[in-house]
Amino acid sequence: MRGTRLMMIVCSLVAVASWSTVGWTAPEADPLKPRVPDAERGEARKLESPVKATPEVLAKGKELYEGKGTCANCHGLTGAGDGPGGMLLTPGPRNLMNCKFHKKRKDGELFWVVKNGSPGTGMPALVKGGMITEEEAWAIIAYERAFCKDNE
Ligand code: HEC
């Protein structure tokens with residue numbers, strides 16, 4: 001009798017615990033590990049952005065990030081990686097506020113991922129898929145860099 005009651009308590013705790021994870025975003029995979037495949041990384045790291053982060057470019061990048069580019073759906077409006085579209089994805093979307101991540105990545109590596117996606121994950125190939133142009137991707141990348149607020 002005691003055992004049965006204990007089992008019921010345990011079961012309801014498990015039920016509550018799994019219910020409360022609905023709506024959670026899965027943790028991101030190691031953000032410091034490179035995403036560009038070895039064979040292409042050298043080239044990618046050398047590729048420089050053709051745009052400067054002027055106020056006009058940043059405004060365009062923000063508009064694209066939140067609109068046509070669909071980035072905010074998964075990465076969230078603040079870049080925290082908590083957009084509604086990312087909730088069912090494992091690994092979760094990158095937290096773009098992480099300054100350590102930005103320091104580790106060259107612009108060309110960010111561009112590679114926005115162009116080709118991150119293979120084996122929910123990060124889509126937005127340029128290859130025709131969602132945005134290369135020029136638009138560069139404006140978004142300039143804006144994305146501004147999510148890191150550490151100006152040291
Ligand atoms: C459908 C959801 C989704 C959309 C839309 C999306 N992302 Fe992602 N993004 C992800 C996920 C999931 C990851 C994590 C992939 C991984 O861990 O390799 C990711 C990773 C990234 C990364 C990290 C790459 C790296 O080198 O580690 C960048 C940068 C990024 N996304 C930028 C963008 C931009 C810019 C857009 C819009 C143009 C965008 N994402 C749209 C889901 C999304």
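We use all heavy atoms of the structure for the numbers below, so side chains are in, but hydrogens, waters and symmetry mates are not. When a residue number appears, it is its place in the shown sequence, counting from 1.
- Across every non-hydrogen atom of G86 and T25, the tightest pair is O-CG2, 3.8 Å.
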Check: residues 88-97 side-chain donor-acceptor pairs under 3.5 Å, at least two apart:
| residue | atom | partner | partner atom | Å |
| --- | --- | --- | --- | --- |
| R94 | NH1 | E28 | OE1 | 2.9 |
| N95 | OD1 | M97 | N | 2.8 |

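- Judged as a salt bridge (Lys or Arg N to Asp or Glu O under 4.0 Å), and not counting sequence neighbours, D82 has no contacts.
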Please tabulate, one pair per line, all N/O donor-acceptor pairs under 3.5 Å involving side-chain atoms of residues 120-128, not counting sequence neighbours.
| residue | atom | partner | partner atom | Å |
| --- | --- | --- | --- | --- |
| T121 | OG1 | S118 | O | 2.7 |
| T121 | OG1 | M123 | N | 3.1 |
| K128 | NZ | N116 | OD1 | 2.9 |

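- R35 is linked by a side-chain hydrogen bond (donor to acceptor under 3.5 Å, both in side chains) to nothing, counting only residues two or more places apart in sequence or in another chain.
- Checked against salt bridge (Lys or Arg N to Asp or Glu O under 4.0 Å), K46 has the following partners two or more places apart in sequence or in another chain: E43.
- E63 meets the side-chain hydrogen bond (donor to acceptor under 3.5 Å, both in side chains) test with no other residue; sequence neighbours excluded.
- Considering OG1 of T78 and NZ of K149, their distance stands at 9.0 Å, rounded to 0.5 Å.
- Residues in residues 89-121 take part in these disulfide bond (SG atoms under 2.5 Å apart) pairs, two or more places apart or across chains: C99-C148.
- When the salt bridge (Lys or Arg N to Asp or Glu O under 4.0 Å) test is applied to E40, no partner is found at least two apart in sequence or on another chain.
- Counting only residues at least two apart or on different chains, the salt bridge (charged side-chain N to carboxylate O under 4.0 Å, His left out) pairs with a member in residues 64-73 are K62-E66, K68-E136.
- Here K100 pairs with L32, N98 under the side-chain contact (heavy atoms from CB on, under 4.5 Å) rule; sequence neighbours left out.
- Considering only residues two or more places apart in sequence or on other chains, K115 meets the side-chain hydrogen bond (donor to acceptor under 3.5 Å, both in side chains) condition with E134.
- In this structure, the ring of F147 has its center less than 6.0 angstrom from the ring center of Y65.
- In this structure, T70 OG1 and M131 CE are separated by 4.5 Å, a value rounded to the nearest 0.5 Å.
- For V51, the side-chain contact (heavy atoms from CB on, under 4.5 Å) partners are S49, V57, W138, not counting sequence neighbours.
- Cluster membership for I132 and L47, using ILVMFWY side-chain heavy atoms within less than 4.5 angstrom, is shared.
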